[in-house]
Structures are given as C-alpha cells and as structure tokens.
Amino acid sequence: MAWAVATLLDGGVDEVVVAAPAADHEEFARALPAGIRLVVGGATRTDSVRAALGAVPGDAGAVLVHDAARPLTPPDVVGRVLAALAAGAPAVVPVLPVVDTTVVVDDDGVVTDAVPRAPLRRVQTPQGFSRVVLAEAYDDLPEGVELTDDAAVVRALGVPVRTVAGDERATKITVAHDLALAELQVAR
Ligand SMILES: Nc1ccn([C@@H]2O[C@H](COP(=O)(O)OP(=O)(O)OP(=O)(O)O)[C@@H](O)[C@H]2O)c(=O)n1
Ligand SMILES: C[C@](O)(CO)[C@H](O)COP(=O)(O)O
C-alpha cells in the first residue's frame, strides 16, 4: 500500500485517500506518509471506491483510482494519465497490448473461437477521471452492481475513455508467479 501511494505522489498527485478495513487503519497510518486520509473500505472494490470518492475534496478537478495490488507501477504511468486529463480527456486508462493468442472456450474447455487480438488491450491502473464525471457515474450506478473497473462505470454513462501507454511493471499481483516477478523487480 505504501509503495502504491508513493507512486501516486511521485507521479504528481496532490492528495491521496486510502480505503482500508477499519481494523487495519492504525497499522496503515504507521506505514503511510503524513497527510494521507484513511477511510473505511467496503466488501468489494466498487464499495471501497465509493467510500474513498466520498472523501475527495469537492474542489478537486481530477481523481485517479489506483489498485494497491499494483504496487510497482512506475510514476511515469501516473504522469501520462495526469497529462491526458490536463489535455481535456474526461476519462483515461493505461493499457498494454494482448500478446497471446486469445480464444473463447465452451463449458468443457473446448476452443470455440479465436478473438482477433489486435484491438484488445489489458487495462491497468491508476485510471484517471474528471472528479465530477466519476462522482456522477458512481451516483448513477445501482447499488449491488459490480463492474470490474472504474472506466466501465463511466462508460455506462456514455463517457469516452481514452488510453495511454501502461507498463508491464504495473502488473496486478494476482497469482503466486506475479509475486515472484515483483520480488525480482524489487531486488533489482
Ligand atoms: N474490498 C476491496 C477489494 C479490492 N479493493 C482494491 O481492488 C484492488 C484489486 O483487488 P482484488 O480484486 O482483490 O484483486 P486481485 O487480488 O488481483 O484478485 P482477483 O483479480 O482474483 O479478483 C486491490 O488492490 C484494492 O486496491 C478494494 O479497494 N476493496
Ligand atoms: C481495476 C483493474 O485492476 C483493471 O484491470 C481490474 O479490473 C481489477 O480487477 P479485480 O478482479 O478487482 O482484481
């Protein structure tokens, strides 16, 4: 969490709000730099983003939403997202191409189709938004609806989402191998 926050600050973000379980706040406060606001997160990512968004100052022009599970994101990625927002984009996501052949399978695991991969992208965080647009999109999202990222929440409002280059180092640490790669990166 501390590394994810450091990336945001190093990349040019002014203020950070962290959503975390109430039981962890004391420990998080010790690990984070002074001035970081902590709010109680929810049971799902969507609930946690809602909670954090509620603590964002009303005069903030833009908001970035970042995953703690992407702790080694280089600050450059944050810079690219901020630059696209400053250039007028209402919503921005960092992306990478899909490098493997990508297929559809049926319930038995048999390949039924291959998806043309040229237009596909893997979406990372931090994702950037006009604060007003993101707040309106979350207000409009019915309770209980879970979308996998914040860009999907604003796209539901019809807002175009621009892309900037992501970075392999911003990968989401999801499976054990991701952790092994992250440890290598840190060791370097
Ligand atoms: N209740 C939750 C769950 C997740 N998150 C945020 O969402 C990110 C992604 O979390 P998660 O869905 O658990 O990611 P993975 O560990 O990659 O799990 P999976 O992709 O298998 O769902 C976390 O880093 C955290 O920042 C959150 O704020 N509140
Ligand atoms: C937001 C995200 O990291 C973009 O790729 C991703 O959708 C989070 O998914 P998760 O299933 O909550 O890990």
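Remember, it's a predicted structure, so these values are computed and weren't measured experimentally. First listed ligand is number 1; within each ligand, the first listed atom is number 1.
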Q: Check ligand 2 against Asp149 and write out every atom of the ligand that is under 4.0 Å from a heavy-atom position of the residue.
A: 1 (C), 7 (O)

**Q.** Contact atoms of ligand 2, heavy-atom distance to Thr125 under 4.0 Å
**A.** 1 (C), 3 (O)

Mind listing the closest non-hydrogen atom pair of [X] and [Y] along with its distance?
{"X": "Asp67", "Y": "Thr125", "result": "N-OG1, 3.1 Å"}
{"X": "Ala135", "Y": "Leu53", "result": "CA-CD2, 4.0 Å"}
{"X": "Ala151", "Y": "Gln127", "result": "N-OE1, 3.0 Å"}
{"X": "Ala89", "Y": "Arg162", "result": "CB-CD, 3.6 Å"}

Q | Reported CZ-to-CD distance for the pair Arg122 and Glu168, which is rounded to 0.5 angstrom | A | 4.5 Å

Q) For the atom pair CZ (Arg169) and CG (Asp76), what is the distance rounded to the nearest 0.5 Å? A) 7.5 Å

Q) Who's closest to atom 8 (C) of ligand 2 heavy-atom-wise, of Val49, Thr148, Ile173, Leu147? A) Thr148

Quick test: of every protein heavy atom, which one is nearest to [atom], and how far off is it to 0.1 Å?
{"atom": "atom 5 (O) of ligand 2", "value": "Val123 O, 2.6 Å"}
{"atom": "atom 13 (O) of ligand 2", "value": "Lys172 NZ, 2.7 Å"}
{"atom": "atom 3 (O) of ligand 2", "value": "Asp67 OD2, 2.5 Å"}
{"atom": "atom 12 (O) of ligand 2", "value": "Arg45 CD, 3.8 Å"}

Q. Which protein residues have a heavy atom under 4.0 Å from ligand 1?
A. Gly42, Ala43, Thr44, Arg45, Ser48, Asp67, Ala68, Ala69, Lys172, Thr174

Q: Run the salt-bridge test on Arg117 and Asp100 with the 4.0 Å N-O cut-off and return the result as yes or no.
A: no

Q: Would you mind checking if Glu136 and Arg131 are paired as a salt bridge, meaning a charged N to carboxylate O distance below 4.0 Å?
A: no

Q. Taking atom types as modelled, is there a side-chain donor on Asp10 or Thr7 under 3.5 Å from an acceptor on the other?
A. no

Q. Using a heavy-atom cut-off of under 4.0 Å, does the side chain or the backbone of Arg70 touch ligand 2, or both, or neither?
A. side chain

(Q) Tell me the contacting part of Asp150 for ligand 2: side chain, backbone, both, or neither, using a 4.0 Å heavy-atom threshold, strictly below. (A) neither

(Q) Does atom CD (Glu26) have a neighbourhood of more than 12 heavy atoms from anything else shown, all under 6.0 Å? (A) no

